[in-house]
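In this chain, numbering begins with 1 at the start of the sequence shown. Since we're looking at a predicted model, the values are computed, not measured.
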Amino acid sequence: STLLKVRQMLEGVVNNGGTAANLKNKHYMVAGKTGTAQIANDQYGYEYESKISHQASFVGFFPAEQPIYSCIVVVNAPSKYVYTGNLVAGPIFKEVADKVFANSLKMHKELDERPYMASSAIPYSLSGSRDELYNVFTSLSVPFTNFPEKSEWIKTSTKDSVVVTEAMEVIPGLVPDVVGMGLKDAVYVLENSGLNIQFVGKGVVKKQSLPPGKRIVRGQTIKIELT
């Protein structure tokens, strides 16, 4: 019961507005304690020529609810203007902990939803380069139909047991249709068509501000929205 109370207090240092609130994050819980101390000199004591040296520290463990890793960071004589444990040692601890978390699969929950995967066993495919998609489909043995022979770009739609493809025509001087593409391919096609690009979001292009087939005006900007 005592250890539980101690752990709750150490969790509060980070997660309940304590001295290390700047280390709080939404991915995993950290528990720990900041430390800020003055350093005494054998000859001059704590102060020399009106100057005081400090030692900043943070010691903690994560994930707090089921601890796996612990770490202590100690910084000796940091800047005289920024010397507290939460601002000096805390960010170093967080950088180390974030790196460990990112590379430790056992600390991640299994995803229940996969928004970019089809409900069938066939992988969801973006529209894009014909040659790149052909290489991916054949290498991974993904069934497909109607693969265009001459088109540089193709559109795809994933069905229950097969990926259906169709040629995507890019006509010089006309706005191309990039809906269904990833950002890399969409930017390549639009820039080569002479358009300036603004984009928001990530994932798959769902909307474009200029309709496909419209004549392009020199220097025109197209806005694309990805979700």
Side-chain angles (χ1 to χ4, degrees), residues 1-35 56-75 84-129 132-133 135-143 156-161 163 180-187 199-207 224-227:
S1 61
T2 301
L3 288 175
L4 177 60
K5 292 176 182 177
V6 171
R7 195 187 82 181
Q8 290 172 340
M9 287 189 290
L10 295 177
E11 290 175 357
V13 171
V14 177
N15 299 287
N16 296 329
T19 54
N22 57 312
L23 304 187
K24 183 178 180 179
N25 70 83
K26 63 181 180 180
H27 301 295
Y28 62 96
M29 187 181 295
V30 172
K33 185 67 184 75
T34 58
S57 62
F58 182 83
V59 59
F61 54 87
F62 62 97
E65 60 275 20
Q66 290 183 321
I68 301 176
Y69 302 100
S70 62
C71 178
I72 183 170
V73 177
V74 180
V75 180
T84 57
N86 65 322
L87 296 180
V88 177
I92 300 172
F93 179 97
K94 185 177 186 302
E95 186 171 343
V96 172
D98 284 349
K99 181 74 73 172
V100 171
F101 174 78
N103 288 279
S104 180
L105 292 179
K106 59 186 175 183
M107 292 178 63
H108 294 262
K109 295 180 180 179
E110 184 176 352
L111 296 178
D112 295 326
E113 297 181 359
R114 299 176 183 177
Y116 300 116
M117 296 294 289
S119 58
S120 68
I122 303 299
Y124 182 86
S125 169
L126 305 183
S127 302
S129 163
E132 289 182 0
L133 288 171
N135 289 335
V136 171
F137 291 163
T138 53
S139 298
L140 299 179
S141 301
V142 176
T156 65
S157 57
T158 303
K159 305 301 182 182
D160 289 339
S161 58
V163 177
M181 282 187 166
L183 182 61
K184 177 178 72 73
D185 286 337
V187 168
F199 70 91
V200 293
K202 59 182 179 180
V204 186
V205 178
K206 293 298 184 182
K207 294 181 181 179
I224 57 176
E225 180 180 330
L226 299 91
T227 57

Interatomic spacing from [atom1] in [X] to [atom2] in [Y] - rounded to 0.5 Å:
| X | Y | atom1 | atom2 | result |
| --- | --- | --- | --- | --- |
| K184 | L126 | NZ | CG | 10.5 Å |
| K24 | N15 | NZ | CG | 5.5 Å |
| M29 | L23 | CE | CG | 13.5 Å |
| K94 | C71 | NZ | SG | 13.5 Å |
| I92 | L87 | CD1 | CG | 11.5 Å |

Inset, instruction - State, with a plain yes or no, whether a side-chain heavy atom of V30 is found less than 4.5 Å away from one of F93. - result: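 Answer yes - side chains close enough.
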
Legend entry - Any side-chain heavy-atom pair of F61 and L10 under 4.5 Å: yes

Inset, instruction - Ignoring hydrogens and angles, tell me if any N or O in the side chain of S125 forms a donor-acceptor pair with the backbone of T156 under 3.5 Å. - result: no

Legend entry - Exam field: side chain S104 to backbone F101, donor-acceptor pair closer than 3.5 Å: no

Inset, instruction - Take I224 and L183 through the side-chain contact (heavy atoms from CB on, under 4.5 Å) test and state the conclusion after the steps. - result: CA-CA 9 Å; I224 57 176; L183 182 61; 4.0 Å; yes

Legend entry - Passing candidate, side chain to side chain donor-acceptor pair (under 3.5 Å) with T34, options N86, N22, T19, T84: T19

Legend entry - R7 bridged to E11 by N-O distance under 4.0 Å: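 Salt bridge: yes.
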
Inset, instruction - Classify the angle between the aromatic ring planes of F62 and Y28 as parallel (below 30°), tilted (30 to 60°) or perpendicular (above 60°). - result: tilted

